[in-house]
Amino acid sequence: MKNVFHIFEDRGFIEQATDRELVRELLENPTTCYIGFDPTAKSLHVGSLLPIMSLVHMQRAGHRPIGLVGGGTGLVGDPSGKTEMRNILTLGEINENAEALKKQLSRFIDFSDGKAIIANNADWLTDLPYIEFLRDIGRHFSVNRMLAAESYRARLETGLSFIEFNYMLLQAYDFWYLFKHYDCRLQMGGNDQWGNILAGADLTRRLEGEVIHGLTFPLLTTSSGIKMGKTHKGAVWLDASLTSPYDYYQYWINQDDGDVERFLGLFTFLPMEEVRQLGRLKGADMRTAKEVLAYEATKLCHGQKEADHAREASQQLFGPDREKSPEAAPTYSIGQEELDQGIPAYILFEKSGLCKTRSEARRLISQGGGYINGQRVKTFEQAININDLQQDCLLLRAGKKRYVRITQE
RNA sequence: GGAGAGGUUCCCGAGUGGUUAAAGGGAGCAGACUGUAAAUCUGCCGGCUCAGCCUUCGGAGGUUCAAAUCCUCCCCUCUCCA
């Protein structure tokens with residue numbers, strides 16, 4: 001089996017490593033590694049996809065991944081890469097989120113038979129005795145050195161509370177703890193975690209005299225330098241009830257040309273020869289590569305069946321017969337009474353979820369961005385009624401890409 | 001604890017009594033162009049029962065015909081001093 005380190009290198013996962021040569025050697029043999037996930041929301045979003053993919057690669061290569069849910073650290077708040085102090089969550093919220101995270105990770109990683117582990121650092125952090133912690137752990141940290149860390153330096157400008165300042169110690173403790181209890185010798189994470197990862201490796205060296213390692217991934221931005229994962233509707237979630245597989249598929253197909261090859265490497269398991277080949281496509285052919293990316297990414301997250309649906313739906317809605325076969329679009333049903341009476345177009349656009357407010361719907365339609373069955377809506381108060389139904393439904397479109405099918409209840 | 005600075009619409013950031021739903025930029029949306037891409041140009045960008053009305057400038061009161069702008073108290077942040 002190929003060393004995962006080469007796979008990571010080849011596919012563009014690596015930003016920094018504590019020692020490339022040693023990490024590569026380490027990964028010659030089955031190794032336990034971990035990545036922390038913050039339980040700040042009830043679902044992960046595409047921002048966490050890169051770490052997840054790395055764990056999948058690890059598992060496929062015969063290593064043992066640990067998904068660490070930051071139940072304990074979530075009670076504190078991580079300053080890394082944030083300019084504002086984050087909201088501190090209650091224990092209840094965190095546990096709820098932690099549960100949900102576990103479920104999501106299981107879609108990507110096989111947790112059976114100890115092939116992977118899910119851990120929650122609340123289990124060992126919440127009961128830490130303060131004095132002992134200071135004595136045994138705190139003494140190994142130099143404040144001078146911590147302040148030199150980029151993540152803290154930035155926060156020094158805007159203010160940094162003591163509890164946040166301790167985050168690094170806690171995460172370092174996590175790494176040591178996982179090393180101690182699971183023989184975990186590699187921590188991975190986004191490049192914003194570099195300082196924290198180093199701290200953990202450092203702590204373990206001091207406490208145990210053992211050298212353990214860290215690896216970071218590039219922070220993902222699109223070619224235009226914007227953080228990934230935001231759309232008109234907000235964050236792109238991995239949970240199908242928050243972001244539908246169709247929207248998820250669409251998210252990927254709408255990526256910039258310049259990102260496609262990189263994303264194929266990171267977010268699919270296609271062989272790299274194929275990825276490079278797809279990346280070489282020029283002009284409109286690039287769409288093929290995007291379709292592959294969208295399909296593969298959706299398949300990984302939501303399964304083949306959903307991916308097939310999403311692809312079909314997209315092909316119908318964006319193919320040569322667009323507007324003709326709207327079964328594929330997300331559906332919203334409306335009461336018969338309302339339809340009989342006729343409903344103003346802008347209200348329908350708002351109700352169907354295409355616009356967040358009625359004002360937005362008015363604006364959209366006034367600017368010529370509202371369509372019904374492929375026809376531009378002329379005025380926002382235009383009444384939509386039963387006569388507009390074609391084969392029992394009508395197709396609403398906002399702008400060029402966003403569709404909703406309206407059916408009668 | 002003392003002294004000073006500051007909290008403005010999604011973000012950054014102007015505004016220091018009426019002409020301010022609040023400059024400018026970013027993000028976002030729409031139109032044109034296109035390949036469900038990018039770039040570019042144009043328009044939009046608090047809400048609503050929308051030629052009008054309502055709600056916003058940390059919070060609560062007050063002055064005034066009129067306040068984001070003035071006063072009082074409170075909350076929070078930053079800087080310096082201890």
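This is a predicted model, so every value here is computed, not measured. Naming convention: chains lettered A, B, ... in sequence-line order (proteins, then strands); numbering from 1 in each chain.
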For this session: Using the C1' atom on both, measure B:G31 against B:G6 and round to a whole Å.
Result: 42 Å

Exercise. When you check the phosphate oxygens OP1 and OP2 of B:U36, does a side-chain N or O of A:Arg287 lie under 4.0 Å from one of them?
Worked result: yes

For this session: Just compare B:C48, B:G31, B:G35 and give me whichever is closest to any side-chain atom of A:Tyr371.
Result: B:G31

Problem set entry | Contact under 4.0 Å: A:Ser314 side-chain N or O vs B:U36 OP1/OP2 | no

For this session: Take atom C1' in B:C75 and the same atom in B:G26, then report the distance between them in whole Å.
Result: 30 Å

Exercise. What nucleotide, of B:U34, B:A32, B:U49, holds the atom closest to the side chain of A:Tyr346?
Worked result: B:U49

Seminar exercise, completed: Taking B:U36, B:C44, B:A32 as options, the one with an atom nearest any side-chain atom of A:Ile253 is B:U36

Exercise. With respect to the side chain of A:Asp256, which nucleotide from B:A37, B:C45, B:G35 is positioned closest?
Worked result: B:A37

Exercise. When you measure from the side chain of A:Arg362, which nucleotide among B:C50, B:G35, B:U36 comes out closest?
Worked result: B:C50

For this session: Kindly say if A:Lys400 contacts the phosphate of B:G31, meaning a side-chain N or O under 4.0 Å from OP1 or OP2.
Result: yes

Seminar exercise, completed: dist A:Asp285:CG -> A:Lys282:NZ (nearest 0.5 Å) comes out at 10.0 Å

Exercise. Which distance, rounded to the nearest 0.5 Å, do you find between the CH2 of A:Trp237 and the OG of A:Ser48?
Worked result: 9.0 Å

Seminar exercise, completed: Of B:G31, B:A30, B:G35, the nucleotide closest to the side chain of A:Asp257 is B:G35

Problem set entry | Closest to side chain of A:Thr357, choosing from B:C48, B:A30, B:A37 | B:C48

For this session: Can you label the angle between the A:Trp176 ring and the A:Tyr173 ring as parallel, tilted or perpendicular, going by 30° and 60°?
Result: tilted

Exercise. Counting side-chain heavy atoms from C-beta on, which of B:C48, B:U36, B:G35 comes nearest to A:Asn254?
Worked result: B:U36

Exercise. Distance between the P atoms of B:A21 and B:A82, in whole angstroms?
Worked result: 48 Å

